[in-house]
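Only this structure's heavy atoms are used, side chains among them; waters, hydrogens and symmetry mates stay out.
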Amino acid sequence: MSEERPGQVLEEERHPEEPEGEGARPRVPPILYPLASLVFGGVLVWAFSRLLLAASPVSVGGLELDGRAVAVAIAIFMALNILVGAALVAYGARVRGRPASLPFLAGAAAAVVVAGAVAAFAVGDVGPEGALGKEEERAGGGAGGRVERITLVAQELAFDQAELTVTAGARVQLTLDNRDQGVPHNFALYTDESASQAIFVGEVFAGPATREYTFEAPEPGTYFFRCDVHPTQMTGTFVVRG
């Protein structure tokens, strides 16, 4: 009969009863763990990219944020989530042993995937200049439903381009990036320099901010565009090719 020493932990207490033989086998083949991680990581990256591409200008408390600023905010928020998730996982068993940890991590990942899927179906065709909704794409007429995107920058009371070229009948999606603090600008298209007949007149807005104008390109020819607020300083030629 052996005596139990103070502080001694019985073998039975340290090692609960295990099945005899080779021991308990894993329920899932080990190869599936890296494969599942690869697939899950790919889905997260795809969903996150859809969110960034779907970013569009918003107004928060009177502050205008363009699509790029919104995308940066989303990226920072995502980076913080990754850091928090990595910190939680780093604690190992102390985190995994808490009932709320696994639902928290799984819920955050599921939210990103669902948001990305919604953005992917809502955005449709995404180009380098921004997102184009499916309804807007279907509405495009002429030139086989062709959509042409243009970015025009207004800075220091001048446009960064003096000539714009599009295809006749195409649906033009022009983004005006007004970088002049507190100065209003717009984009307006006229038949000629007299500005007596307007083809399209965009909303006037103060910078720094962006606006997206959509209109159908007229018949082939050479036209005139300007900022209606600064008609002598900010002008250009709008060329429509056949």
>> With heavy-atom distances below 4.5 Å as the criterion, would you say the side chains of Ile150 and Val172 are in contact?
In response: yes
> Can you list the residues that meet the ring-ring contact (aromatic ring centres under 6.0 Å, His included) rule with Phe238, with sequence neighbours excluded?
Replying inline: none
> Looking only at heavy atoms, which two atoms of Thr235 and Pro231 are closest? And how far apart?
Replying inline: CG2-O, 3.0 Å
>> As an exercise, state the distance from CD of Gln155 to CD of Gln181, rounded to the nearest 0.5 Å.
In response: 12.0 Å
>> Quick test of your reading: applying salt bridge (charged side-chain N to carboxylate O under 4.0 Å, His left out), list the pairs with at least one residue in residues 178-195, sequence neighbours left out, ordered by first then second residue.
In response: Asp177-Arg179
> Say you draw a straight line from CG of Leu157 to SG of Cys227; how long is it, rounded to the nearest 0.5 Å?
Replying inline: 8.5 Å
> Does any non-hydrogen side-chain atom of Glu163 lie less than 4.5 Å from one of Val239?
Replying inline: yes
> Mind checking what makes side-chain contact (heavy atoms from CB on, under 4.5 Å) contact with Ala195, not counting sequence neighbours?
Replying inline: Tyr190, Arg226
>> Working note: Phe159 + Leu164, criterion side-chain contact (heavy atoms from CB on, under 4.5 Å); need CA distance, chi angles, decisive distance, verdict.
In response: CA-CA 11 Å; Phe159 287 129; Leu164 303 176; over 6 Å; no
>> Let's go through Met234 and His185 carefully: what are the C-alpha distance in whole Å and the side-chain angles of both, what is the deciding distance for side-chain contact (heavy atoms from CB on, under 4.5 Å) to 0.1 Å, and is it a yes or a no?
In response: CA-CA 9 Å; Met234 304 176 66; His185 293 308; 3.2 Å; yes
>> Testing the basics here: between Ala168 and Gly242, what is the closest heavy-atom pair and its distance to 0.1 Å?
In response: CB-CA, 4.5 Å
>> Contact between Arg241 and Val166 at the side-chain level, heavy atoms closer than 4.5 Å - yes or no?
In response: no
> Distance only, no hydrogens: is a donor on one side chain within 3.5 Å (strictly under) of an acceptor on the other, for Glu148 and Gln173?
Replying inline: no
> Which one of Val229, Asp228, Asn178 satisfies the side chain to side chain contact (heavy atoms under 4.5 Å, CB included) criterion with Pro184?
Replying inline: Val229
> Can you name the one residue among Phe225, Tyr223, Tyr213 that meets ring-ring contact (aromatic ring centres under 6.0 Å, His included) with Phe200?
Replying inline: Tyr213
>> Using modelled atom types and a 3.5 Å cut-off, is there a donor and acceptor pairing between side-chain atoms of Asn186 and backbone atoms of Glu203?
In response: no
> Is Val183 reachable from Phe187 through a run of I, L, V, M, F, W or Y residues, each pair having side-chain heavy atoms under 4.5 Å apart?
Replying inline: no
> Could you give the distance from CZ (Arg149) to CD (Glu212), rounded to the nearest 0.5 Å?
Replying inline: 8.5 Å
>> Just verifying a value: how many Å separate Gln233 CD and Glu156 CD, rounded to the nearest 0.5 Å?
In response: 12.0 Å
>> Let's go through Leu189 and Phe215 carefully: what are the C-alpha distance in whole Å and the side-chain angles of both, what is the deciding distance for side-chain contact (heavy atoms from CB on, under 4.5 Å) to 0.1 Å, and is it a yes or a no?
In response: CA-CA 10 Å; Leu189 180 62; Phe215 57 93; 3.9 Å; yes
>> Is the shortest side-chain heavy-atom distance between Val240 and Thr167 below 4.5 Å?
In response: no
> Does the side-chain contact (heavy atoms from CB on, under 4.5 Å) test come out yes or no for Asp160 and Leu152, once each step is laid out?
Replying inline: CA-CA 7 Å; Asp160 68 332; Leu152 187 63; 3.5 Å; yes
